[in-house]
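A short worksheet on the structure shown next.
As the structure lists them, so they are numbered: ligands from 1, and atoms in each ligand from 1. It should be emphasised that the depicted structure is a prediction, and the values quoted were computed from it without experimental measurement.
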Amino acid sequence: MIPGNEPSFRESVDLMFNHAVALMDLPPGLEEKIRVCNATYTVRFGVRLRGQIHTFTGYRSVHSEHMEPVKGGIRYAEAVNQDEVEALAALMTYKCALVEAPFGGSKGGLRIDPRQYDEHELEQITRRFAYELAKRDLIDPAQNVPAPDMGTGEREMAWIADQYARMNTTDINARACVTGKPLNAGGISGRVEATGRGVQYALREFFRDTRDVEKAGLTGKLDGKRVIVQGLGNVGYHAAKFLSEEDGARITGIIERDGALFNPHGLDVEAVHQWLVKHGGVSGFPDATHSAEGGAVLEEECDILIPAALEGVINLGNAARIKAPLIIEAANGPVTAGADEILRDKGTVIIPDMYANAGGVTVSYFEWVKNLSHIRFGRMQRRQEEARHQLVIDELERFSADTGIGWTLSPDFKQKYLRGADELELVRSGLDDTMRIAYQSMREVWHDRADVLDLRTAAYLVSIDKVAKSYRAKGL
Ligand code: GLU
């Protein structure tokens, strides 16, 4: 994906790291210790399918073990390679540090086109891959906890969890060996939507500070903003859906594998999603113009560009032509180091991946805690909270009747106030809080330091400082 004249994805991440670390005062040697990837395990395994042995290549990379377990998804894609997995593992380290999820960074990948296999075949392949990783402690609730990524989802996580449980029959915490599981297999409400929801919360926090909005040359709130989304997978779909349905943003463009849809009045994201599921592509969707040259739509006029698919889509080849004043990186590494520089010089504001897509791992953290505590969030407090609220309502109504002021509470207020929070509400609240606090920590550095010109550098400074502190606490 990244053009040949540019550094690889991992080199790109390292360049951005180096750019930030040059502004810090780390003890000699620690900088390199943080930057390098600790280990990458490559596995080649055979699975008998359709009467023949097929050999697959998979990776699990551990970037930093300053905190354990290490955390990060498993990607299924044909383009998976060691360089990519290591870059993604490094991003996981910085991401977890930035949002204070108590994990080191890791990532896995299997070189496979999942669309070429049926469900039963995928299960056999996934179980075998999980077996290879689990027997080396590269899946383990205390050491390494995978999650979904591109090409994987709840189904694969359920197979992995079950495979681990079969291999560790007396491990009471077996379910915490992987996150992103379906609800009925130890998952948590709100994990599927989490990364897209996090993008929404990130943009809301961005628009809370007019100084930031002005830096991007924009005005006002999210309402009415023109948004182009690249990739309507799990992340892009949820981000676009929530932004349009809840914040009044207008999704003017959606770019997919088979081209792009464009409608200046705004696309119905749910309808496009349904169309995509049914037809396998966006072409033919009514109420929009379709252009086969999807990449060109990245360069269209809009207020916010959301790359939510692959790495390297904004590169030296197109960066100068990108018109969006604000880019939020819902994908990992969508902007190459070279493009990052061009955009920074142009004044484009980029909300960086390690922050923008951290919603996924944040809710993964909640799921892991839920699995270790063996209880659903809210189970103990919900009714007690409702009962206490009922006391207040009863008292207010008694007061109103006793004093004869004839004051009544609106039924809508009563209903909202009386309802105790369920797991989904608690998860969203925890995610919102996490995204706000992490953004504020970046914003502070961005505004306060004259030598920090962009949010990405600010994000690196905050996260590297946290990683460095935990290394120091370990005596390194
Ligand atoms: N694959 C996701 C990411 O890149 C989620 C990782 C996780 O939940 O551990 O952040």
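Note: Phe45 and Phe129 have parallel aromatic rings, judged against thresholds of 30 and 60 degrees for the angle between ring planes. Taking the six-membered ring where the residue is Trp, Phe242 and His238 present tilted rings, their angle falling between 30° and 60°.
The 4.0 Å heavy-atom shell around ligand 1 contains residues Lys71, Gly72, Gly73, Met92, Lys95, Lys107, Ala147, Pro148, Asp149, Arg191, Asn332, Gly360, Val361, Ser364, ordered by chain and number.
Residue Lys278 qualifies as open at atom NZ: its count of foreign heavy atoms under 6.0 Å is 12 or below.
Side-chain atoms of Asn173 and His374 form a donor-acceptor pair, as typed in the model, at a separation below 3.5 Å.
Both the sub-6.0 Å distance and the 45° axial angle are not jointly satisfied by Lys181 relative to the ring of Trp159.
Residues meeting the side chain to side chain donor-acceptor pair (under 3.5 Å) test with Ser364, sequence neighbours left out: Thr179, Arg191.
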